[in-house]
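What follows is a short report on a single structure.
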Amino acid sequence: MTTESKKPELEDLIEFTTEIKPELIEACKDSGARTDEAKAIYMTSRRIAEEVVGDNSPEGRIRMRCMISTGDPQVADIMRFKNNPVDAGVKAICNGAPIFVDINMVKAGITKKGHNCPIICVLDEDKDAEVAHKYGITRTAAGFLMVRDQLEGSIVAIGNAPSAALAVCRMVEHGIRPALIVGTPVGFVNAAESKEEIRKLDIPSVTCEGTRGGTPMAVATVNEIIAIANERTL
């Protein structure tokens, strides 16, 4: 005869994973960190990143946040800022500009607090991939083409797809002007090249050099700009 083991109570399973220091809780102003443990983890990471980056300017803050999001100190050295992107992004956030993203992972990662900007994944604009199939292009590139009439004054955040970044570049060359492009597509096919194309535009942009990049860096950049916008409007 066997006896059923007693299931642990919820309280028996709770354990903090980092030291909860009151000064860390008080210092944390990030809207994404909502509990004491989350605030302590974020601020501990932030202070480690500050030691590496050694620069608390708006651009330095984005470098730090990208470093934290990837766990890679070297990404701080490959970030590139063109045409005063932080001020442009803050202005767009304060104006409630739409944020167009390439994939749903980017949409999910961008904080929904501290702003009134709609966050739109372009994949939802070509749900049945009709445009993508018609022209033989990627779904993300087709999605951005579908929203071409809405990109003026918007924030574009691309964390995955080089083809989407190149599509946006072509639209800018034809006179469409987003307020800010955050481009950190990752991979070995056109990732480095697409980011170089973004940097050639006379549009404010945040990018990174080379094949590295990804959703975490795009999300980190947008979220830090949102945090800066909130601080400037206090």
Side-chain angles (χ1 to χ4, degrees), residues 17 28-43 45-46 49 61-72 75 79 85-86 89-90 92-129 132 138-147 150-151 154-165 167-168 178-187 191 194-195 198 205-208 212-230:
T17 60
C28 184
K29 307 299 181 186
D30 185 79
S31 62
R34 304 182 188 180
T35 68
D36 286 353
E37 184 177 30
K39 291 177 180 179
I41 291 170
Y42 177 77
M43 289 306 299
S45 297
R46 192 79 179 207
R61 288 175 55 172
I62 292 173
R63 293 179 197 275
M64 282 186 261
R65 191 149 189 161
C66 287
M67 173 184 154
I68 293 168
S69 71
T70 59
D72 183 359
V75 302
M79 301 296 299
V86 177
V90 166
I93 293 293
C94 292
N95 288 338
I99 302 172
F100 290 97
V101 305
D102 58 336
I103 60 172
N104 278 304
M105 284 179 63
V106 178
K107 179 179 179 179
I110 294 174
T111 182
K112 311 306 183 289
K113 296 184 65 178
H115 65 93
N116 296 312
C117 302
I119 306 171
I120 302 153
C121 177
V122 298
L123 289 177
D124 296 332
E125 304 302 307
D126 187 25
K127 289 183 178 180
D128 298 323
T138 68
R139 290 180 62 210
T140 50
F144 272 106
L145 293 175
M146 292 288 287
V147 299
Q150 304 171 57
L151 293 181
S154 71
I155 293 175
V156 170
I158 298 171
N160 181 71
S163 59
V168 171
L180 169 67
I181 300 174
V182 175
T184 60
V186 61
S194 65
K195 289 176 283 192
I198 292 172
S205 67
V206 181
T207 60
C208 58
R212 282 183 290 178
T215 292
M217 293 180 69
V219 169
T221 298
V222 175
N223 283 345
E224 192 62 29
I225 291 174
I226 291 171
I228 293 169
N230 282 315

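- Between Ile198 and Ser205, the shortest heavy-atom distance links the atoms CG2-CB, 3.6 Å.
- Once rounded to the nearest 0.5 Å, the distance linking CE of Met217 with CE of Met67 reads 12.0 Å.
- In this structure the side chain of Ile158 reaches within 4.5 angstrom of the side chain of Phe144, judged on heavy atoms.
- Looking only at side-chain heavy atoms (C-beta outward), Lys107 and Asp124 come within less than 4.5 Å of each other.
- Side chains of Cys121 and Val106 form no contact here, defined as non-hydrogen atoms less than 4.5 Å apart.
- The closest side-chain heavy-atom distance from Glu125 to Ile120 is below 4.5 Å.
- Under a 3.5 Å cut-off, the side chain of Asp102 and the backbone N or O of Ala161 do form a donor-acceptor pair.
- The shortest non-hydrogen separation linking Pro185 to Lys195 is O-NZ, 3.0 Å.
- For the atom pair CD1 (Ile181) and OG (Ser154), the distance works out to 8.5 Å, reported to the nearest 0.5 Å.
- Nearest approach of Ala97 to Cys117, heavy atoms of both residues: O-CB, 3.0 Å.
- To the nearest 0.5 angstrom, Met79 atom CE is 7.0 Å from Arg63 atom CZ.
- Nearest heavy atoms, Thr138 versus Ser163: OG1-OG, 2.6 Å.
- Residues Ile110 and Ile226 meet the side-chain proximity criterion, which asks for heavy atoms closer than 4.5 Å.
- Here the closest non-hydrogen pair linking Thr70 and Pro216 is CG2-CB, 4.5 Å.
- In this structure, Ile99 and Ile93 have side chains that are in contact, with non-hydrogen atoms separated by less than 4.5 Å.
- Considering all non-hydrogen atoms of both residues, Val90 and Ile225 come closest at N-CG2, 3.8 Å.
- Within the 4.5 Å cutoff, no side-chain heavy atoms of Asn160 are placed close to those of Thr140.
- Between Pro98 and Gln150, every side-chain heavy-atom pair lies at or beyond the 4.5 Å cut-off.
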